[in-house]
Amino acid sequence: MFSRLRSDIQCILDRDPAARSTWEVLTCYPGLHAVVLHRVAHGCWNHGFKWLGRFVSHLARWFTGIEIHPGAKLGERVFFDHAMGVVVGETAEIGDGCTIYQGVTLGGTTLYKGTKRHPTLGKDVVVSAGAKVLGGFLVGDGAKIGSNAVVIKPVPAGATAVGIPARIIPSKAGESADVSGTEPKFNAYGITQDDDPVSQALKGLIDNASGQEHQIALLWKAIEQLSAQQPMQMPQDAARSESFEADKFNQLVGK
């Protein structure tokens, strides 16, 4: 028990630069208190003391602002950072090394008892502030859920999910999408250096439209030069110059 508690404290010291000492973490971190109380509630639940498990869970919610159903399964070194307003459902599973921020919901989308209604998080998953992960699917190891994302489908290992509904940014070479260097590191809040797939698609359309306008302008200029040698009627609305503001549109889509 004490070995596991030391591991929980150390993971907070490793991931939170605001944590200054073991004593501070032990006395002032509601995320740690929620995890410890959940282990008590989960033990009661598994031994058939359902009401007692729910009551301990209720007390933990009152003291910490973090609601974890006693039936949920938590792995080692799980860190609820700030975490006010977090809700973890009955059939949710949280793997080793996961980090969960404030306002997160690991919720269900069905009302059928005895079924897997809530998500399973693999190892080292980061679920950012305000994210909602809804359904009985798997979020793979090392995945990141962006702030305020609404995830309703599985997330592959190492990928990043952003948006409403969440879009998936695949991993690169087996790394999480927000890892820029060769050394693995912890990155909070699901920040990614990759582009949003929607903005990538819009950027492609903008570049294509700009390129086509350029080609059309070149064609009209060529026709105008030919008409000087062989008289012909030129249309009044012929686009001899480019007016498509590609840079302006790229700024609007965040490029």
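- Taking CD1 from I94 and NE2 from H118, the interatomic distance works out to 11.5 Å, rounded to the nearest 0.5 Å.
- At least one side-chain heavy atom of L32 sits less than 4.5 Å from a side-chain heavy atom of L5.
- Side-chain contact between L59 and L37: absent, with no pair of heavy atoms (C-beta onward) separated by less than 4.5 Å.
- A tilted orientation is assigned to the rings of Y29 and F79, their planes being inclined by 30° to 60°.
- For T64 (side chain) and P30 (main-chain N/O), no donor-acceptor pair under 3.5 Å exists by modelled atom type.
- The number of heavy atoms from other shown groups lying within 6.0 Å of CZ (F137) is above 12.
- Hydrophobic cluster membership is shared by L74 and V86, with clusters built from Ile, Leu, Val, Met, Phe, Trp and Tyr side chains linked at under 4.5 angstrom.
- Residues T120 and K116 come closest through the heavy atom pair OG1-NZ, 2.9 Å.
- A donor-acceptor pair is defined here as one N or O able to donate and one able to accept, closer than 3.5 Å; such a pair exists between the side chain of H33 and the backbone of L26.
- Using modelled atom types, no side-chain atom of H42 and backbone atom of H38 make a donor-acceptor pair closer than 3.5 Å.
- Among all heavy-atom pairs drawn from I66 and A34, the shortest one is CD1-CB, 3.8 Å.
- Taking every heavy atom of both residues into account, L52 and C44 meet most closely at CD2-SG, 3.7 Å.
- In the displayed structure, R39 atom CZ is contacted under 6.0 Å by more than 12 heavy atoms of other residues, nucleotides or ligands.
- The neighbour count for R20 CZ, taken as heavy atoms of other residues, nucleotides or ligands under 6.0 Å away, does not exceed 12.
- Rounding to the nearest 0.5 Å places CD of Q10 at 7.0 Å from OG1 of T22.
- Residue V151 comes nearest to A166 through the heavy atom pair CG2-CB, 3.8 Å, listed as atom of the first residue, atom of the second, then distance.
- Within the 3.5 Å criterion, the main-chain N or O of A157 finds no donor-acceptor partner in the side chain of D141.
- Atom CD of E24 sits about 10.5 Å away from atom CD1 of I12, to the nearest 0.5 Å.
- The structure places CE of M84 at 12.5 Å from CD of E67, a figure rounded to the nearest 0.5 Å.
- In this structure the side chain of V88 reaches within 4.5 angstrom of the side chain of F80, judged on heavy atoms.
- One distance of note links CD of E93 with CG of L138; it measures 9.5 Å at 0.5 Å rounding.
- The two residues A161 and V155 make their nearest non-hydrogen contact at CB-CG2, 4.1 Å.
- The main-chain N or O of G95 is never found under 3.5 Å from a side-chain atom of K73 such that the two would form a donor-acceptor pair.
- Rounding to the nearest 0.5 angstrom, the gap separating the CG atom in D16 from the CG atom in D81 is 5.0 Å.
- Judged purely by atom type and a 3.5 angstrom limit, H69 uses its side chain to pair as donor or acceptor with the backbone of G71.
- Annotation: I152, atom CD1; neighbour count of heavy atoms from other residues, nucleotides and ligands within 6.0 Å does not exceed 12.
- Side-chain contact check for P70 versus R54: some heavy-atom pair is nearer than 4.5 Å.
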